[in-house]
Amino acid sequence: LGGRGGATDRNLGDAAHAVLARHAAAKWEMAHGYTDYVRGAPSQDGRPVRAVADTGFASSVGNAMEMVCFLNDDTAASGPMKPPVLRVVEGRKAIDLSGPGAWGLWCKKRAPQPGVQPRPRNRVPYDLHDDHFAMAVIVPPDANAGGAVFQASRAEQRSFSEIALDQGRAQARWSDGRGAPVVVTASERLAARTPAVVTLASAGGLQTLRVNGRTAGETRSRLPQAVFDQLLIGWGFVDHYPRDSFRGLLFGAIAGKGRPSEAELEVLERYLLSLAAEAARN
């Protein structure tokens, strides 16, 4: 994975956005973060990030896919929980999730309710049983980092599809909340303080984990039906409780319904990696 700059970067961006449009997928770049999303104040280095817009193609009228962090740490009543902070590393912007009590970003939606709201417009792009994919470009804080990177889930139940780190190894996990989750774990640890793109894909009964554009593991399982009502960047929230973040830097994420080809996934992964360039946290 990698780019050469100039026209190559522009061509990569065009190609990535064509893939996103084809699959109506969402894209969140932390360079588009806002500290004040009501008055439109972009985040600056060291300032909180409370919103990031979907600059992909998943949003629609009545169903915007922006990510928000509703926490406000300006008063003593806010307690220990805090929004992530923007960091500029080698000219590239990321959210820093290493601070004590830092929560990530959240896109909360509706779940269908038979007899009440069976087909809500305000929905996440996919559920557990759908073909879907998600990826994020991160910088792990150390060789043993653990915690959630990106998650689609149900806030009040235990179903999820997520990218995570476990003792420094990239991991993809799926569960309907009953029985053991389906887990694919990379055999090698990610390099600390080095950008990496981690991807999960589930399609046609095959679950795949990719790291930096290469398959790091796969398994076959027919995932059961389970509905999601939220997307989260940099942390998780399942069964009424938050799940710990991986506590590193996150530059961008992509998620969508469908079955992109390997070539399409590689284009998106290369684009995400370009958001981090050669950034490393010293």
Side-chain angles (χ1 to χ4, degrees), residues 1-34 37 40 42-43 49 51-68 86 88-95 105 107 109 121 123-126 130-139 149-152 161 163 195-203 208 210-214 231-234 249-279:
L1 287 176
R4 298 180 180 177
T8 301
D9 284 347
R10 289 194 295 272
N11 294 340
L12 176 59
D14 291 343
H17 283 83
V19 175
L20 292 168
R22 187 175 303 126
H23 295 281
K27 172 173 66 71
W28 303 274
E29 297 185 24
M30 302 307 107
H32 302 148
Y34 283 80
Y37 50 83
S43 295
V49 176
V52 178
D54 166 26
T55 50
F57 295 86
S59 296
S60 60
V61 176
N63 191 30
M65 289 291 162
E66 74 272 16
M67 289 278 179
V68 301
L86 189 78
V88 180
V89 186
E90 300 292 333
R92 306 301 174 121
K93 295 180 179 180
I95 54 171
L105 303 172
C107 181
K109 295 298 181 180
R121 177 181 294 181
R123 291 280 286 123
V124 297
Y126 56 86
D130 295 320
D131 291 351
H132 64 272
F133 61 98
M135 59 184 70
V137 57
I138 63 172
V139 171
V149 172
F150 182 92
Q151 185 185 90
S161 168
I163 300 168
V197 178
V198 183
T199 302
L200 69 72
S202 177
T208 303
R210 292 166 58 92
V211 177
N212 291 331
R214 296 183 179 181
L231 300 171
L232 303 103
I233 287 178
L249 299 175
L250 191 149
F251 293 80
I254 288 171
K257 182 178 180 180
R259 193 182 302 191
S261 67
E262 185 170 347
E264 289 177 321
L265 288 175
E266 184 177 351
V267 167
L268 296 179
E269 290 162 341
R270 288 177 58 204
Y271 179 81
L272 279 187
L273 190 63
S274 74
L275 302 182
E278 298 303 322

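Bear in mind the structure is a predicted one, so any value in this text is a computation, not a measurement. The chain is numbered in sequence order, starting from 1.
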Q.
Which residues pass the side chain to side chain contact (heavy atoms under 4.5 Å, CB included) test with Leu275, not counting sequence neighbours?
A.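 Here the qualifying residues are Glu29, Phe251, Tyr271, Leu272.
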
Q. Listed by chain and number, what are the side chain to side chain contact (heavy atoms under 4.5 Å, CB included) partners of Ala255, not counting sequence neighbours?
A.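 Listed in chain order: Trp28, Tyr126, Ala134, Phe150.
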
Value rounded to 0.5 Å, distance of [atom1] in [X] from [atom2] in [Y]:
X	Y	atom1	atom2	value
Lys93	Leu249	NZ	CG	14.5 Å
Ser60	Arg121	OG	CZ	7.0 Å
Leu265	Arg270	CG	CZ	13.5 Å
Cys107	Leu232	SG	CG	8.5 Å

For the student: nearest non-hydrogen atoms of [X] and [Y], plus distance:
X	Y	result
Met67	Leu105	CB-CB, 3.7 Å
Met30	Leu86	O-CD1, 3.7 Å
Ala276	Arg92	O-CG, 3.8 Å
Val49	Gly33	CG1-CA, 4.1 Å
Ala253	Ile233	CB-CD1, 4.1 Å
Asn212	Pro195	OD1-O, 4.4 Å

Q.
Run the side-chain hydrogen bond (donor to acceptor under 3.5 Å, both in side chains) test on Thr199 and Glu269 for me, step by step, so that the C-alpha distance in whole Å, both residues' side-chain angles and the decisive distance to 0.1 Å come before the verdict.
A. CA-CA 8 Å; Thr199 302; Glu269 290 162 341; 2.8 Å; yes

(Q) If you count every heavy atom of other residues, nucleotides or ligands that lies below 6.0 Å from Lys109 atom NZ, does the total exceed 12? (A) yes

Q | Pairing residues for Tyr37 by the ring pair (Phe, Tyr, Trp, His ring centres under 6.0 Å) criterion, not counting sequence neighbours | A |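 Testing Tyr37 for ring pair (Phe, Tyr, Trp, His ring centres under 6.0 Å), a comparison that skips the adjacent residues, returns none.
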
Q: Determine whether Val149 and Leu250 make a side-chain contact, defined as any pair of heavy atoms from C-beta on separated by less than 4.5 Å.
A: yes

(Q) Would you say that Ser161 contacts His132 through its side chain, given a criterion of any heavy-atom pair below 4.5 Å between the two side chains? (A) yes

Q.
For the backbone of Ser59 and the side chain of Asp54, can you confirm whether one donor and one acceptor N or O come within less than 3.5 Å of each other?
A.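 A pair under 3.5 Å: yes.
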
Distance-only check: which donor-acceptor pairs under 3.5 Å involve side-chain atoms of residues 14-26, not counting sequence neighbours?
unit_1 : atom_1 : unit_2 : atom_2 : d
His17  : ND1    : Gly13  : O      : 2.8
Arg22  : NH1    : Glu264 : OE2    : 2.5
His23  : NE2    : Glu264 : OE1    : 3.1

Q: Check step by step if side-chain contact (heavy atoms from CB on, under 4.5 Å) holds for Arg210 and Glu262.
A: CA-CA 10 Å; Arg210 292 166 58 92; Glu262 185 170 347; 3.5 Å; yes

Q | Those residues that, when tested against Asp130, pass side-chain hydrogen bond (donor to acceptor under 3.5 Å, both in side chains) (two or more places apart) | A |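 With sequence neighbours excluded, Asp130 shows a side-chain hydrogen bond (donor to acceptor under 3.5 Å, both in side chains) to no residue whatsoever.
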
Q: List for me each residue that meets side-chain hydrogen bond (donor to acceptor under 3.5 Å, both in side chains) alongside Arg259, sequence neighbours excluded, and say none if there are none.
A: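 Arg259: side-chain hydrogen bond (donor to acceptor under 3.5 Å, both in side chains) contacts with Asp131.
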
(Q) I need the single residue from Met65, Lys27, Glu66 that forms a side chain to side chain contact (heavy atoms under 4.5 Å, CB included) with Thr55. Which is it? (A)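 Single pass found, and it is Lys27.
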
